[in-house]
Amino acid sequence: MISHTKPVKKILLLANGGREHSIAKALKKSQKYEVEIYGFFNARNPKIIELTTDFVINTERNFGEDTQFKALQDFAQSIEGLDFAVIGPDDPIGAGVVDALLEVGIQSFAPTRKPAQLESSKGFTRSLLQKYDIQGNPEFRKFVTGEESELEQYCTTDIVKKYKFVVKDDGLCGGKGVFVQDDHFKIHEEGAKIALDILAKSGKIVIEEKLEGPEFSLLCIVDGKTIIPMPTIADHKRAFDGDKGPNTGGMGTISFPKKLPFITDENIKEALTITEKVMKAVEEETGERFCGVMYGGFMRTKTGSKLIEYNARFGDPEALNALPLLQSDAVDLFESAIHQKLDSMTVKYYNKATVCKYLVPEGYPTNSVKHTTVTVNEDLLQSLQLDENYNGVEVFYASVYEDEKTGELKLGGSRAIGVVGIHDDFREAKKLADKAIEAFSGPLFYRKDIGSEELLQKRMEMVV
Ligand code: AMP
Ligand code: GLY
């Protein structure tokens, strides 16, 4: 008999990207528990696999398919004494994977399908804020199939003198369903055409007022009753330096010891108030509480914090900044959310700056090279490891896999490897991230400007 000195926690982890690697690492850091991770994956990400006790590879790419639920349920039921599941990505959450696991008696750190509409339907969230009179909405209107002429009239006549606008597909589009005036189209007529095209494809859209100001991500761990904020983080969504090029899932993220320099304490307070009210409104509206991460994308405008969107999961890359800073036990934190006991938790974070940069394949996001080899200078990474003062580098593997025949590390086609510099001083954190980037060779690129003074200055200048 193996005797464990610490109680064992068996945790199912769904997905194998950079975010999930950071979740797995945070769980394995537990001082209180012997953590066993059981992975339901779609690729052999070697660094996550290293952390698992067992895993299955399900090569169907879409975790959100019902057929995958059956395979997942079977896998969950095959693990004796499984404690809970953690679901990383939006698609399966939006499709109801948490409900599917509940059917076989497994609770998850992630919301059920109905409250997850906060992310899976942009119209749901806008209407919720409106109905429950929660501050933070821009002007907006929803349209469905059959309302084409109203839509055209709204975009080209009603709002022309009032505001610039944004067209949003109602559903999940992996960051590709949003079109912003000035960035993606110039005049109202052009935007109307885009809106009509999207409506024809998806049947449901939201038109909303374009907001101006710097953006920030505020992720909160929530259980329906209590919200626990993580440090504020800023993402860089455009593919190329200078915030140019197409939108991506996020090329890199920054955080500061106290808060981002281009937002105020008041902005954070407002965003927290919105999140708390929305958490309660969601339960009132759907009859089900929200358990998991409410990740608010906010903008600091001249009338305070406005809501861009909610995600119902950890951000990627935001998780790569925030989870390494978590000093409290991640197992306790996730389980407390599941059992609605967050009010009994005191959560601590290291008070550090972080700069995260993603190495992505050449051609990303539209035409990525795939299945090409990446080589890693492990000695360099070793020399950059976190020191006794908790300054150093964390590395997270994302869309990469190990070739079973050759053992080589190959590109999967999406964001490949995330490096995070962690330091008391923001500039040092950037230097550490840039140094870690040098450890990887292959057809890759990254954003050199993330964490630079120029870019910070640009964010400051966006304050209106
Ligand atoms: P989303 O997928 O909703 O996060 O939108 C993607 C990006 O579009 C956001 O990060 C913003 O930069 C931009 N965006 C979305 N909604 C608005 C808005 N109402 N005003 C200005 N920019 C927006
Ligand atoms: N950082 C963007 C996202 O996770 O959606």
Side-chain angles (χ1 to χ4, degrees), residues 15 17-20 22-23 88-91 93-94 118-126 129 136-141 159 162-185 191 194-195 198 205-219 230 232-239 243 245-255 292-303 305-323 356-358 360 365 396 398 414-415 418 447 450 459 462 464:
R19 164 182 46 213
E20 290 75 27
S22 73
I23 293 170
D90 50 348
D91 282 346
I93 293 175
L118 262 194
E119 173 165 11
S120 62
S121 168
K122 303 208 185 262
F124 170 84
T125 304
R126 289 287 177 228
L129 267 77
N137 256 352
E139 296 257 355
F140 77 99
R141 223 181 116 176
I159 59 172
K162 276 173 74 184
Y163 52 79
K164 292 188 175 174
F165 72 108
V166 179
V167 182
K168 291 186 173 181
D169 193 328
D170 185 77
L172 293 173
C173 298
K176 293 170 198 85
V178 178
F179 298 84
V180 182
Q181 190 159 8
D182 295 332
D183 292 350
H184 302 97
F185 62 89
I194 292 173
I198 297 178
I205 62 162
V206 180
I207 302 293
E208 63 187 41
E209 171 194 1
K210 181 182 173 181
L211 301 167
E212 312 269 0
E215 286 179 50
F216 62 98
S217 303
L218 181 61
L219 283 72
M230 304 192 95
T232 48
I233 296 169
D235 195 3
H236 300 75
K237 291 216 165 94
R238 299 303 194 94
D243 290 329
N247 263 333
T248 69
M251 293 295 290
T253 24
I254 56 170
S255 76
V293 181
M294 279 175 69
Y295 153 12
F298 293 94
M299 199 173 265
R300 174 186 179 177
T301 72
K302 56 175 176 262
T303 52
S305 294
K306 296 274 179 179
L307 178 72
I308 298 287
E309 63 163 359
Y310 270 114
N311 295 311
R313 51 166 173 91
F314 280 116
D316 191 350
E318 283 87 344
L320 283 58
N321 305 72
L323 287 173
C356 170
K357 298 194 181 204
Y358 254 124
V360 303
F396 300 102
S414 195
R415 291 174 294 177
R447 274 188 60 172
I450 292 173
R459 299 279 186 276
M462 287 167 87
V464 282

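Atoms within a ligand are numbered from 1 in the order they appear, just like the ligands themselves. The analysis underlying the following values was restricted to heavy atoms, covering all of them including side chains, and did not include hydrogens, waters or symmetry mates. Here the structure is a predicted model, which means the values were calculated and not measured.
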Close side-chain approach of P317 and R415, heavy atoms under 4.5 Å: yes

Contacting atoms of ligand 2, where contact means under 4.0 angstrom from a heavy atom of G315: 4 (O)

Heavy-atom contact check, 4.0 Å cutoff: does G297 meet ligand 2? no

Mind checking whether F185 and F165 have ring centres under 6.0 Å apart? yes

Check: S120 and D90 side chains under 4.5 Å, non-hydrogen atoms: no

Regarding S121 and D170, is there a side-chain donor-to-acceptor distance under 3.5 Å anywhere? yes

State whether D243 and R447 are salt-bridged, where the test is any N-O pair (Lys NZ or Arg NE/NH1/NH2 against Asp/Glu carboxylate O) under 4.0 Å. yes

Heavy-atom side-chain contact between V167 and I198 under 4.5 Å: yes

Determine whether Y163 and K210 make a side-chain contact, defined as any pair of heavy atoms from C-beta on separated by less than 4.5 Å. no

Could you tell me whether the side chain of E318 reaches within less than 4.5 Å of the side chain of S255, counting heavy atoms only? no

What atoms of ligand 1 come closer than 4.0 angstrom to any heavy atom of E215? 9 (C), 10 (O), 11 (C), 12 (O)

Would you say K237 and ligand 1 have an N/O pair spaced under 3.5 Å apart? yes

Atom indices of ligand 2 within 4.0 angstrom of D235 heavy atoms, with elements: 1 (N), 2 (C)

One finds that the ligand 1 atoms under 4.0 Å from a non-hydrogen atom of V178 are 1 (P), 2 (O), 3 (O), 5 (O), 8 (O), 15 (C)

Ligand 2 N/O within reach of R19 N/O, cut-off under 3.5 Å: no

With side chains defined as the heavy atoms from C-beta onward, is the minimum distance between N247 and R238 less than 4.5 Å? yes

Can a non-hydrogen atom of E212 be found less than 4.0 Å from any atom of ligand 1? no

Can you tell which part of F314 has a heavy atom less than 4.0 Å from ligand 2: side chain, backbone, both or neither? neither

In ligand 1, the atoms that come under 4.0 Å of a heavy atom of K122 are 1 (P), 2 (O), 3 (O)

Can you find a non-hydrogen atom of E209 under 4.0 Å from ligand 1? yes

I need the atoms of ligand 2 closer than 4.0 Å to a non-hydrogen atom of R313, numbered in the order shown. 3 (C), 4 (O), 5 (O)

Does the N or O separation between K237 and ligand 2 drop below 3.5 Å for any pair? no

Provide the number and element of each atom of ligand 1 under 4.0 Å from a heavy atom of K210. 20 (N), 21 (C)

Verify whether one side chain among T253 and N321 offers a donor that lies under 3.5 Å from an acceptor in the other. yes

Of all the atoms in ligand 1, which lie at a distance below 4.0 Å from a heavy atom belonging to K168? 3 (O), 15 (C), 16 (N)

Side chain or backbone of L211 under 4.0 Å from ligand 1, or both, or neither, by non-hydrogen atoms? both

